[in-house]
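Just so it is clear, the structure is predicted and the values come from calculations on it, not from any experiment. Values below: every heavy atom of this structure, side chains too, minus hydrogens, waters and symmetry copies.
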Amino acid sequence: MADKTVPILLRRVKATGSHLGMHPAAVQHRDRQRLIPTFCVGAPSATAAALDDWQALSRAGKIPAQ
């Protein structure tokens with residue numbers, strides 16, 4: 001089981017898309033438009049917690065939908 005204090009890093013659009021249930025091309029498109037919380041470490045990356053928070057806010061209508 002992962003330690004809750006260590007963030008889970010999702011590297012590349014394939015891993016991010018798998019976590020979000022989106023196609024990697026859709027993740028890449030949204031990344032380029034700055035619609036999802038990603039950062040670059042050689043390739044678009046994100047933390048699972050940031051993506052989960054982003055999805056919750058998106059579903060609540062507080063930010064544009066994915």
side-chain hydrogen bond (donor to acceptor under 3.5 Å, both in side chains) with [X]: which residues, sequence neighbours excluded?
X	value
D53	none
T16	none
H23	none

Looking at P37 and A50, what are the two nearest heavy atoms and their distance?
->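 Result for this residue pair: CG-O, 3.7 Å.
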Where do L10 and A15 come nearest, in terms of heavy atoms and distance?
->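 So the two residues come closest at CB-CB, 4.2 Å.
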Residues two or more places apart in sequence or in another chain: which of them pass salt bridge (charged side-chain N to carboxylate O under 4.0 Å, His left out) with R32?
->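 Salt bridge (charged side-chain N to carboxylate O under 4.0 Å, His left out) list for R32, sorted by chain: empty.
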Could you walk me through whether D52 and H19 pass side chain to side chain contact (heavy atoms under 4.5 Å, CB included), step by step?
-> CA-CA 9 Å; D52 292 342; H19 183 78; 2.8 Å; yes
Which residues satisfy the side-chain contact (heavy atoms from CB on, under 4.5 Å) test with A43, sequence neighbours excluded?
->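 Once residues adjacent in sequence are excluded, the partners of A43 under the side-chain contact (heavy atoms from CB on, under 4.5 Å) criterion are R12.
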Under 4.5 Å between side-chain heavy atoms, hopping through other hydrophobics if needed: is there a path connecting F39 to L51?
->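 No, because F39 and L51 fall into different hydrophobic clusters, even though each may have its own neighbours under 4.5 Å.
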Identify whether V27 and L9 are in the same connected component of the hydrophobic contact network (ILVMFWY, side-chain heavy atoms under 4.5 Å).
->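 V27 does not cluster with L9.
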Does anything in residues 33-48 pair up under side chain to side chain donor-acceptor pair (under 3.5 Å), and if so which pairs, sequence neighbours excluded?
->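 Matches after skipping sequence neighbours: H29-Q33, D31-T38.
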Sequence neighbours excluded, every pair satisfying salt bridge (charged side-chain N to carboxylate O under 4.0 Å, His left out) that has a member inside residues 36-45 |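 Listed by first then second residue: nothing to list.
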Distance-only, no hydrogens or angles: does the R11 side chain make a donor-acceptor pair with backbone N or O of V41 under 3.5 Å?
->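 Answer holds: yes.
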Keeping the roles fixed (side chain from W54, backbone from L35), state whether a donor-acceptor pair exists under 3.5 Å.
->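 Yes, because the side chain of W54 sits within donor-acceptor range (under 3.5 Å) of the backbone of L35.
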